Structures are given as C-alpha cells and as structure tokens.
Amino acid sequence: DTGVSQDPRHKITKRGQNVTFRCDPISEHNRLYWYRQTLGQGPEFLTYFQNEAQLEKSRLLSDRFSAERPKGSFSTLEIQRTEQGDSAMYLCASSYPSGGSGRTDTDTQYFGPGTRLTVL
Amino acid sequence: AQKITQTQPGMFVQEKEAVTLDCTYDTSDPSYGLFWYKQPSSGEMIFLIYQGSYDQQNATEGRYSLNFQKARKSANLVISASQLGDSAMYFCAMREAEGSYIPTFGRGTSLIVHP
C-alpha cells in the first residue's frame with residue numbers, strides 16, 4: 001500500500017527561476033489538495049481538485065502559481081518567477097469522499113512528505 | 001476571524017504521562033468535521049483522529065482520544081501514556097459541510113516528551 005508521494009523532496013532554486021512539483025495521490029482518492037506551510041504556521045490551503053477539475057483556488061495564490069491534474073491522477077504545482085517569499089514546505093494531500101460525493105466534512109486527508117522549497 | 005485556535009504554542013510532558021492539547025473552533029455550520037494531525041520533524045502530516053459534529057461519542061484511536069465539547073466548541077486531543085516518539089507538532093483542523101472545500105488548520109502545538 002503506497003501513500004501520497006511527492007517529488008522532489010527538496011528543491012533549491014535561484015530567484016526568478018520556475019519550479020515544478022509533482023504529487024501522486026493514493027490511487028483510489030479522487031480529491032487532491034495543495035498546501036503551503038511556513039515555519040511556525042499550520043498548512044495554508046492553495047488549491048483543490050476533484051478528479052481533473054480544479055474546484056477551488058485560494059485568493060492568496062498569485063498568478064505565478066498554477067496547478068494541474070490532467071488525468072485525474074497525479075498533479076503538478078508550478079511556481080513561475082520564484083521569489084524568496086515562496087520559500088516554504090509544499091504539501092500535497094488526497095482524500096476519498098467517504099460521506100458521499102457532495103460532502104467534505106467527513107473527508108480525511110492523507111498527506112505526502114512534502115517538498116521543501118528554498119529560493120535563494 | 002480565526003476558525004481554529006490552538007492556544008498552547010508548546011507543551012512538555014513526562015514520558016508515560018497523559019497530556020491534553022487544546023483546540024477551539026468557530027463555525028455556524030451545524031455539520032462539520034474535526035481532525036488532528038501529527039507532524040514530526042521530518043515534515044509529513046500524519047492523520048490521528050476524526051470527530052464528526054453529530055457523533056454521539058468522543059472519538060478514540062489507540063492512545064489518542066478527542067474530548068469533544070460541542071457547546072464550548074472545543075475539541076481537545078488527549079494522548080495517554082506519552083512516548084518519546086510523540087514529540088512533534090500537533091495540528092487541529094476543521095472542515096465544514098456547507099461551506100467551501102477549504103479545510104482550516106490551527107497554528108499547531110509543539111509537544112515535547114521527556115524521559
């Protein structure tokens with residue numbers, strides 16, 4: 001049984017470069033989430049997919065961030081023209097709609113190990 | 001306004017003792033779910049326990065139990081018989097049924113278990 005995987009685990013980049021992260025959810029999970037976490041804070045929601053549809057995107061997310069889930073399986077998160085403020089842990093989580101397709105309150109999210117981004 | 005409040009930035013407990021980590025929440029949605037996660041220094045968020053707003057009994061999972069007081073809007077995590085491996089950050093989170101899909105996390109509590 002494989003959990004959520006993320007690649008790479010660590011990424012160091014120079015300011016202005018583009019970076020892309022990948023997330024592979026648990027195979028039967030059709031919901032996928034991206035979060036950002038900075039030191040001393042809880043995870044901050046970025047975006048959410050149900051199958052291939054991106055259903056919600058945080059207003060805090062700038063236009064430099066884009067996420068895709070083209071076939072409803074793995075997802076990618078791209079950050080263009082990185083800034084030092086983008087340095088954080090990027091977490092991916094997946095879930096299965098245990099309470100029925102329309103409910104979210106019963107969803108248990110399972111997280112990957114995260115990708116730690118450092119922008120120099 | 002903060003939907004999830006964890007007022008204890010850090011907690012210390014002796015090995016084998018029990019410890020309670022506080023969490024209060026704010027919602028007007030009658031249907032919601034409350035979750036606790038553990039995050040060791042490695043960074044991975046590990047799901048611990050879930051409590052639904054309509055659940056009649058407090059949730060328990062092994063050494064973890066949730067002291068759910070709906071009227072007070074609190075969902076405290078109780079860890080019994082603490083182990084050195086319990087040292088980690090602990091996050092409380094909430095999801096509402098009628099609201100958006102966005103789960104809300106607290107700022108976390110750092111737990112240190114000492115021998």
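Reminder, nothing fancy here: chain letters follow the sequence lines and each chain counts from 1. None of these values were measured; they are calculated from a predicted model.
Note on B:Arg63 versus B:Asp86: salt bridge recorded, some NZ/NE/NH1/NH2 to OD/OE distance being below 4.0 Å. Between B:Glu96 and B:Lys3 there is a salt bridge, with a side-chain nitrogen of the basic residue lying less than 4.0 Å from a carboxylate oxygen of the acidic one.
Heavy-atom distances place no part of B:Gln6 under 4.5 Å from chain A, backbone and side chain included. Neither the backbone nor the side chain of A:Arg116 comes within less than 4.5 Å of any heavy atom of chain B. Within the 4.5 angstrom heavy-atom criterion, no atom of A:Glu44 approaches chain B.
Both tests pass for A:Arg22 against the ring of A:Phe74: distance under 6.0 Å to the centre and angle within 45° of the axis.
Listed by first and then second residue, the disulfide (SG to SG under 2.5 Å) pairs that reach into residues 7-63 of chain B are B:Cys23-B:Cys92, sequence neighbours excluded.
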